[in-house]
Amino acid sequence: MIIKKILTKNSGLIQPSEITDQKIYLSRRKFIGTATRASVVIAAGMVMPGWLRNSYAATSLSAKKLSNIRKSSLSTQEPQTPYGDVTTYNNFYEFGTEKDQPAQKAHSLITRPWTVVVEGEIRRPKTYDIDTLLKLAPLEERIYRLRCVEGWSMVIPWIGFPLSALIKQVEPTANAKFIEFTTLHDSKQMPGQRSGVLEWPYVEGLRIDEAMHPLAILAVGLYGEVLPNQSGAPIRLVVPWKYGFKSIKSIVKIRFIEKATASSWMKAGPHEYGYFANVNPAVDHPRWSQAKERRIGEFLKRDTLPFNGYADQVAQMYAGLDLNKFF
Ligand code: MTE
């Protein structure tokens with residue numbers, strides 16, 4: 001995001017959403033290749049066999065498979081973004097601001113042992129070992145759209161469990177109005193933290209009713225496997241109706257609080273990134289439109305939907321709130 005800020009500031013003419021970066025270009029090339037191969041198959045009067053279709057979304061060879069995963073009625077039926085794109089086109093500034101840097105550099109992140117401290121306005125504060133968290137609730141596959149504030153989107157088959165399962169277990173007090181999430185702070189493991197691009201550690205927050213919403217999950221995997229480091233291993237938040245930056249990665253602390261604290265992005269750009277960050281095509285980012293988005297791998301931009309297409313499920317939480325003011 002920072003890079004795009006600099007680009008727009010200096011050029012004045014190019015909108016960030018108009019810039020086609022190398023990865024999207026490569027995805028298009030791949031799409032063209034796929035389309036050509038597919039048309040050859042169709043021309044031959046054959047239906048593309050399942051194994052061939054699946055090879056375009058092939059998972060990695062080394063990652064650990066997760067078992068006993070339930071399907072969820074909350075999943076979208078839309079085509080999924082291939083594993084290769086999901087895991088090489090990332091925002092994880094702790095490993096650099098370029099999209100391909102997290103995949104190249106996140107091997108330095110040590111995800112075992114890993115603990116998550118849960119504290120604040122709750123009756124049962126506890127430090128959870130990650131393997132205990134993995135057994136907290138049945139794991140589900142949740143295929144969600146992810147819309148980045150920069151103007152691109154993906155469809156990702158996450159594996160995780162409802163955040164509400166953890167919240168119920170720790171018994172919030174009546175003072176728990178918000179939840180603050182914090183990423184690991186260790187510049188030896190996360191070299192990007194040596195730069196001042198954001199204030200570290202990365203912090204995000206949710207109102208308690210948002211956190212209790214059935215769509216909000218803690219993800220521990222994707223495509224049936226444990227999360228790759230660049231995707232936020234070993235545990236991250238996924239809140240599909242909000243811009244991607246709310247979905248904080250590699251969480252070490254979850255704190256229940258009475259008053260909301262500013263997130264890392266609010267501190268970096270108070271007029272640009274709000275606390276709610278609900279996907280809203282009607283409220284532009286101060287320097288670019290949010291009306292359209294580019295689904296990774298597609299040619300044409302598509303319309304961005306209010307609440308990223310989850311309005312039916314979540315809009316009532318914001319009834320009476322001026323969404324132009326509380327963006
Ligand atoms: N979490 C941390 N700790 N650091 C980050 O830089 N980037 C955010 C979010 N979570 C980020 C983060 C942004 S801007 C987006 S769009 C999503 O992660 C991207 O998630 P993905 O790389 O899995 O697609």
Side-chain angles (χ1 to χ4, degrees), residues 1-5 16 21 23-24 27 80-106 109 111 116 142 144-160 180-187 189-193 195-206 217-223 225-254 263-269 272-273 277 279 285 290 293-297 304 308:
M1 283 188 257
I2 294 286
I3 287 168
K4 295 200 169 174
K5 272 182 202 169
D21 64 37
K23 185 69 199 177
I24 294 173
S27 298
Q80 296 164 30
T81 305
Y83 181 90
D85 290 332
V86 172
T87 57
T88 58
Y89 189 84
N90 298 103
N91 271 340
F92 200 172
Y93 279 17
E94 285 84 341
F95 298 100
T97 54
E98 298 292 332
K99 295 285 179 282
D100 54 355
Q101 283 178 320
Q104 289 164 13
K105 298 188 171 182
L109 177 64
T111 58
V116 180
R142 295 284 186 96
Y144 284 163
R145 291 177 287 277
L146 179 137
R147 167 61 157 84
C148 180
V149 75
E150 295 164 334
W152 50 268
S153 63
M154 298 195 191
V155 176
I156 304 175
W158 302 107
I159 309 294
E180 181 195 75
F181 302 83
T182 307
T183 294
L184 177 71
H185 193 187
D186 179 350
S187 61
Q189 293 184 55
M190 296 178 146
Q193 289 178 337
S195 96
V197 68
L198 283 178
E199 191 178 301
W200 310 110
Y202 195 101
V203 170
E204 259 307 339
L206 292 175
I217 58 165
L218 285 169
V220 295
L222 54 81
Y223 266 109
E225 301 175 348
V226 296
L227 274 184
N229 287 359
Q230 63 268 31
S231 301
I235 189 160
R236 70 174 290 172
L237 186 66
V238 178
V239 197
W241 69 96
K242 294 178 180 280
Y243 289 116
F245 67 86
K246 296 297 279 185
S247 294
I248 179 172
K249 297 177 169 182
S250 305
I251 297 168
V252 292
K253 191 160 71 175
I254 300 177
S263 66
S264 298
W265 281 108
M266 288 167 76
K267 286 182 191 162
E272 310 206 326
Y273 307 104
V279 173
H285 185 280
Q290 293 291 19
E293 69 199 57
R294 198 183 308 278
R295 181 72 47 90
I296 298 294
T304 286
N308 201 22

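For the numbers below, each heavy atom of this structure counts, side chains included, while hydrogens, waters and symmetry mates do not. Just follow the structure's listing: the first ligand is 1, and inside any ligand the first atom is 1.
Near Ile248, the atoms of ligand 1 lying under 4.0 angstrom from a non-hydrogen atom of the residue are 1 (N), 10 (N). Heavy-atom contacts of Gly244 reach the following atoms of ligand 1: 8 (C), 9 (C), 13 (C), 15 (C), 16 (S), 17 (C), 18 (O) (cutoff under 4.0 Å). Listed by number with element, the atoms of ligand 1 under 4.0 Å from a non-hydrogen atom of Cys148 are 16 (S). The Asn90 neighbourhood of ligand 1 comprises atoms 21 (P), 22 (O), 23 (O), with distances under 4.0 Å to a heavy atom of that residue.
The proximity of Thr183 to ligand 1, defined as any non-hydrogen pair under 4.0 Å, is limited to the side chain. Under 4.0 angstrom from ligand 1, the non-hydrogen atoms of Glu94 all belong to its side chain.
Backbone and side-chain nitrogen or oxygen atoms of Ser247 are examined, and one is located within less than 3.5 angstrom of a nitrogen or oxygen of ligand 1. Residue-to-ligand polar distances keep Ser231 apart from ligand 1: every N/O pair is separated by 3.5 Å or more. The N/O atoms of Gln230, backbone and side chain alike, include none that comes under 3.5 Å of an N/O atom in ligand 1. In terms of polar-atom proximity, Trp158 is not counted as a contact of ligand 1, lacking any N or O under 3.5 Å from an N or O of the ligand. At least one N/O-N/O distance between Asn91 and ligand 1 falls below 3.5 Å.
In this structure, OH on Tyr89 lies 11.5 Å from OG1 on Thr81, to the nearest 0.5 angstrom. Atom OG of Ser250 and atom CD of Glu94 lie 7.0 Å apart (nearest 0.5 Å). Distance CH2/Trp152 to CG/Leu146: 5.5 Å, rounded to 0.5 Å.
With 3.5 Å as the limit, one finds a donor-acceptor pair spanning the side chains of Ser153 and Arg295. Side-chain N/O atoms of Thr304 and Glu293 include a donor and acceptor closer than 3.5 Å. Donor-acceptor pairing under 3.5 Å is recorded for the side chains of Tyr202 and Trp265. For the residue pair Asn91 / Lys99, a side-chain donor-acceptor distance below 3.5 Å is found, with atom types taken as modelled.
Of the candidates Lys246, Arg147, Arg236, Gln193, it is Arg236 that places a heavy atom closest to atom 20 (O) of ligand 1. The option from Tyr243, Tyr202, Phe92, Tyr273 that lies nearest to atom 12 (C) of ligand 1, judged by heavy atoms, is Tyr202.
Under the 30°/60° scheme for interplanar angles, the aromatic rings of Tyr243 and Phe245 are found to lie parallel.
Trp158 pairs with exactly one of Val220, Leu218, Val238 by the side-chain contact (heavy atoms from CB on, under 4.5 Å) rule, that one being Val238.
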